[in-house]
2 protein chains.
Amino acid sequence: MPKQKIDRRVERTRRSLQNALSELILEKGYEKVTVQDVIDRANVGRSTFYAHFESLDQLLLSGFEPLRAQFEDFLSGAEFDHESPWALSLTMFQEVQKQKGGYITLTHVQKFLYGYLLDHLKGQLPKRNKNIPPELLAHYVASSFIALMTWWIDNEYPLSAEKMNEIYRQLVEPGTMAIMMT
Amino acid sequence: MPKQKIDRRVERTRRSLQNALSELILEKGYEKVTVQDVIDRANVGRSTFYAHFESLDQLLLSGFEPLRAQFEDFLSGAEFDHESPWALSLTMFQEVQKQKGGYITLTHVQKFLYGYLLDHLKGQLPKRNKNIPPELLAHYVASSFIALMTWWIDNEYPLSAEKMNEIYRQLVEPGTMAIMMT
DNA sequence: ATGTTTCTGAACACCGTGTTCGGTTATAAA
DNA sequence: TTTATAACCGAACACGGTGTTCAGAAACAT
């Protein structure tokens with residue numbers, strides 16, 4: 001079944017809302033943006049907003065849906081070995097810089113990353129490993145990544161994505177590898 | 001000047017509010033607690049609440065003021081060398097477990113820790129170090145700590161404070177040392 | 001006993017959310 | 001071009017939370 005043609009109006013409405021939100025976030029930060037702000041800026045009726053999205057959160061996520069899909073593709077395609085997670089992190093530093101989305105979505109990225117890491121770590125960790133629960137390790141690796149990313153965004157990208165990735169790797173890899181091998 | 005005797009009523013009111021908040025946090029999490037909830041539980045008039053605290057946040061912080069002071073004492077007394085940060089982290093794991101405060105205050109702890117680390121790192125990092133900004137390093141070390149703490153609390157203390165501290169050290173120390181020496 | 005401080009609680013103004021519904025307009029398809 | 005329909009509008013509403021005000025009651029220190 002070829003996908004239904006989408007009514008121009010819904011297309012227009014959705015875009016307007018996404019753009020409005022995006023602008024407002026840059027102006028005053030996601031936390032302070034209200035539905036009212038968005039629909040005023042987008043010139044969209046209140047009821048219309050709720051016809052399309054359950055909440056601001058949903059609207060926000062909808063904007064990153066393409067990125068998320070791409071991210072998922074990348075993950076499912078990649079082989080997990082000793083190298084790939086670091087290659088992945090580089091890609092993500094680069095992507096996030098492009099997006100200018102800010103750190104609002106980092107929470108979601110973190111969940112995603114955590115799930116991915118956990119899946120693969122469970123296979124890799126020696127079963128009898130008494131050192132560290134895989135959940136904790138995954139949590140740590142994902143959190144560290146988000147931490148660096150947060151700093152990077154807050155400080156408005158003072159270093160290159162490549163440099164950030166290098167630092168991330170230098171900081172996190174040694175301890176991670178060591179604790180996995182023990 | 002010997003400190004003014006505090007009116008019993010004030011004491012009573014403050015305590016009631018703190019206890020009520022503390023109970024409610026355990027029941028449904030800080031985010032979902034409202035001022036109304038607190039004053040109902042504490043049996044305190046609405047206006048009274050605002051006579052004492054500007055907001056829920058303030059009330060929350062007031063409860064942790066003693067702990068914060070103690071923390072500050074500990075920090076100012078400690079010598080910063082290659083060992084002490086890890087000794088410190090153990091103390092903190094232990095303290096947090098005692099408090100049962102949950103992770104609501106972790107944000108504040110993080111800021112505090114960050115400031116402390118940054119102060120001392122600036123003295124220690126080779127000045128010509130081109131590898132990593134001290135701010136980023138401090139941010140990473142503090143964030144990692146908070147990350148482990150968060151996991152620990154969320155999972156209701158599945159490991160001992162000592163074990164957690166050991167893991168923290170194993171994960172974070174190697175990378176940190178390496179990047180500082182380079 | 002008295003003057004002061006604190007507490008009370010109802011009333012109020014304000015703001016944000018999310019829903020409903022009758023009327024209007026844009027769109028796609030015939 | 002006509003027409004049925006899907007989308008949009010926006011005002012009104014119910015709800016719940018915040019923070020302020022004020023007059024009167026109660027607890028307190030002396």
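A note on names: the letters A, B, ... follow the listed sequences, proteins ahead of strands, and every chain is numbered from 1.
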### Task
State whether the number of non-hydrogen atoms from other residues, nucleotides or ligands found under 6.0 Å of A/Glu11 atom CD is greater than 12.
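Yes, the 6.0 Å shell around CD holds more than 12 heavy atoms from other groups.
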### Task
Sugar-phosphate means primed atoms, P, OP1 and OP2; the rest is base. With that split, encode nucleotides 22-30 of chain C 5' to 3' as B, S or - using protein heavy atoms under 4.0 Å.
---BBSS--
Length of the [atom1]-[atom2] vector between [X] and [N], whole Å:
{"X": "B/Leu59", "N": "D/dT18", "atom1": "CG", "atom2": "C1'", "result": "15 Å"}
{"X": "B/Phe53", "N": "C/dC7", "atom1": "CZ", "atom2": "C1'", "result": "15 Å"}
{"X": "B/Asp40", "N": "C/dT8", "atom1": "CG", "atom2": "P", "result": "12 Å"}
{"X": "A/Glu11", "N": "D/dA6", "atom1": "CD", "atom2": "C1'", "result": "16 Å"}
{"X": "B/Gln58", "N": "D/dG19", "atom1": "CD", "atom2": "P", "result": "11 Å"}

Answer yes or no: is there a donor N or O on one side and an acceptor on the other, between the side chain of [X] and the main chain of [Y], under 3.5 Å?
{"X": "B/Thr176", "Y": "B/Val172", "result": "yes"}
{"X": "B/Tyr30", "Y": "B/Asp57", "result": "yes"}
{"X": "B/Ser62", "Y": "B/Leu59", "result": "yes"}
{"X": "A/Asp37", "Y": "A/Thr34", "result": "yes"}

### Task
Return no unless some side-chain N or O of A/Thr13 is found under 4.0 Å from OP1 or OP2 of D/dC8.
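Looking at the OP1 and OP2 atoms of D/dC8, one of them is under 4.0 Å from a side-chain N or O of A/Thr13.
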### Query
Between A/His52 and D/dA7, does any side-chain N or O lie under 4.0 Å from OP1 or OP2?
no
### Message
Tell me which pairs pass side chain to side chain donor-acceptor pair (under 3.5 Å) where either residue lies in residues 40-50 of chain B, with sequence neighbours left out.
### Response
B/Glu23-B/Arg41, B/Glu27-B/Arg41, B/Gln36-B/Asp40, B/Gln36-B/Arg46
Distances under 3.5 Å between nitrogen or oxygen atoms of protein and nucleotides 13-19 of chain C:
from: C/dT17; atom 1: OP1; to: A/Val35; atom 2: N; distance (Å): 3.3
from: C/dT17; atom 1: OP2; to: A/Val35; atom 2: N; distance (Å): 3.3
from: C/dG18; atom 1: OP2; to: A/Tyr50; atom 2: OH; distance (Å): 3.2
from: C/dG18; atom 1: N7; to: A/Arg46; atom 2: NE; distance (Å): 3.1
from: C/dG18; atom 1: N7; to: A/Arg46; atom 2: NH2; distance (Å): 3.0

